[in-house]
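Encoded as structure tokens, the structure appears first; notes follow it.
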Amino acid sequence: MMWWVGTQEAVSAAERAAAARVVGQPEFIDGVEVAPEDRVTQRWAFLMPTASGEWAIPAHPDLKPAGVALVAAVEWPAEDEA
Amino acid sequence: MQILRGWRTPIAGWTQTALTKLVPWTLEDIPASFRSNGGLWEAKNAQTTADSVTQIPDSFDVRPMVQTSAAYQPKFAVVDGHPAAVWPEADNNVHLVPNTGSNYNPVFWLILGQFSDGLVKTFPAFNNLISNGWTGGVGNAARYRARVFGESGTGKLFADAWATEASINARPASADVLPLPKSMIVMRGAASAGGDARYLWGLGRSSGSSLRGWRGPIWAALALGVEPPKELLARIEGRMAWNYGIQGKLPLGHPYRDVEPMKEPE
């Protein structure tokens, strides 16, 4: 899994670009397309903070947005659990 | 002659005219008193994009399992002959969860699922099967009790979680769950687990950036707010097993290993 990492503004812009690819695409139940108002997909991903204070989202495989780094691993803030 | 199905032994003395043509007992026949604080989600009913699951309707018609973010939607695929929501074979945050405000408080879960390829003997991470999204409270134990997950590096469920043991294919409950090929996974926990948890139980890891999602397919999930008694549990296990072709994995002597659960027509 690849990630886009950068400033909040850059990652937000990358997220909007990816969302433009996935929002509004047809959705189906048992092969029958649902009405546009019944589609569920609303975004590409939520932004998540990294350990270094940057932001990250999963990378869309078909896009190369400016201003974000494409990385294979992200250092996340420590979680208080196993 | 009508065939009386669903009985394990012939009933002496019955005449042909007394026999009734039975119909399948289905999971929708679970009494309403058990359904509250629960739900029934089967991937065969999923709403999908070209390749991903966006939501699975609740067959009890209360709380669909939803994922509005494309990057966190499980894939949709036919696995072992049945439609499934499939979690990636890598660290992930993929999950399905009811909409905010659809809180519920189950005590019983049955997941028809598989971990990874069904052969893996140890969890590669603290992979979450179910979680209620709660990250508050003080101390690890409180947080653990908001989910059920594998213990990284072992084949066991993590101790001190909402459920620390599971019954696999109607066998006695155990912490040892791997390897886990296509199976029924029954877990039980306290309705009040997790302190002030939001009780928004979902499939996979529904909180945080932990990348501790499930791996592999989930075909169906059933949650109940009341523990089913023995006969109802056997019917549930039998119906789920027959619907998904794993009745042969039920223990010898299970009342529905050789016959489907049936009922009188209404």
Side-chain angles (χ1 to χ4, degrees), chain A residues 1-5 11-12 14-63 65 71-82, chain B residues 44-57 64-73 76 83 88-94 96 99 123 125-128 135-147 149-153 158-161 205 207-213:
Chain A
M1 183 175 186
M2 302 298 288
W3 297 85
W4 289 330
V5 178
V11 177
S12 292
E15 196 282 332
R16 287 193 295 273
R21 288 291 189 97
V22 297
V23 176
Q25 294 299 305
E27 296 186 20
F28 309 88
I29 296 177
D30 200 19
V32 178
E33 185 173 350
V34 302
E37 63 268 25
D38 293 330
R39 293 171 182 158
V40 170
T41 305
Q42 298 175 2
R43 65 187 67 80
W44 171 246
F46 287 108
L47 276 62
M48 295 182 289
T50 72
S52 64
E54 293 185 299
W55 294 81
I57 56 172
H60 189 291
D62 300 333
L63 297 176
V71 301
V74 175
E75 187 176 350
W76 302 106
E79 287 199 70
D80 183 23
E81 63 172 52
Chain B
K44 67 180 183 181
N45 301 323
Q47 182 166 324
T48 69
T49 64
D51 67 350
S52 298
V53 174
T54 61
Q55 71 169 332
I56 302 178
M65 290 275 188
V66 180
Q67 181 50 264
T68 58
S69 296
Y72 307 135
Q73 292 166 346
F76 183 69
E89 288 298 322
D91 293 346
N92 73 83
N93 284 329
V94 170
L96 296 167
N99 291 319
F123 288 104
F126 296 95
N127 303 101
N128 282 238
T135 57
V138 177
N140 284 343
R143 294 186 176 93
Y144 298 158
R145 292 182 198 123
R147 55 192 65 119
F149 55 105
E151 182 181 57
S152 182
F158 194 86
D160 206 21
R205 175 64 184 265
S207 65
S209 55
S210 61
L211 298 172
R212 292 168 180 158

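In the text below, chain A, chain B and the rest are named by the order of the sequence lines, each starting its count at 1.
B:Q73 touches chain A through its side chain: at least one heavy atom from C-beta onward sits under 4.5 Å away, while N, CA, C and O do not.
Contact count against chain A (heavy-atom pairs under 4.5 Å) is highest for B:Q47 among B:Q67, B:Q55, B:Q47. Your options are A:R39, A:E33, A:R43, A:Q42, and the one with the most heavy-atom pairs under 4.5 Å with chain B is A:R43. For the set A:I57, A:V74, A:I29, the count of heavy-atom pairs under 4.5 angstrom toward chain B peaks at A:I29. Between chain A and the residues B:A90, B:A46, B:A70, the most heavy-atom pairs under 4.5 angstrom are made by B:A70. Counting heavy-atom pairs closer than 4.5 Å to chain B, the top-ranked of the candidates A:T50, A:D30, A:V34 is A:V34.
Around CG of A:D62, the count of heavy atoms belonging to other residues, nucleotides or ligands within 6.0 Å exceeds 12. The environment of CD in A:E75 is sparse: at most 12 heavy-atom neighbours from other residues, nucleotides or ligands sit within 6.0 Å.
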Derivation and outcome, ring-ring contact (aromatic ring centres under 6.0 Å, His included), residues A:W4 and A:W44: CA-CA 12 Å; A:W4 289 330; A:W44 171 246; 7.2 Å; no
Worked verdict on B:N127 versus B:R212 for side chain to side chain contact (heavy atoms under 4.5 Å, CB included): CA-CA 5 Å; B:N127 303 101; B:R212 292 168 180 158; 5.6 Å; no
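Counting heavy atoms from C-beta on, the side chains of A:D38 and A:E27 never come closer than 4.5 Å.
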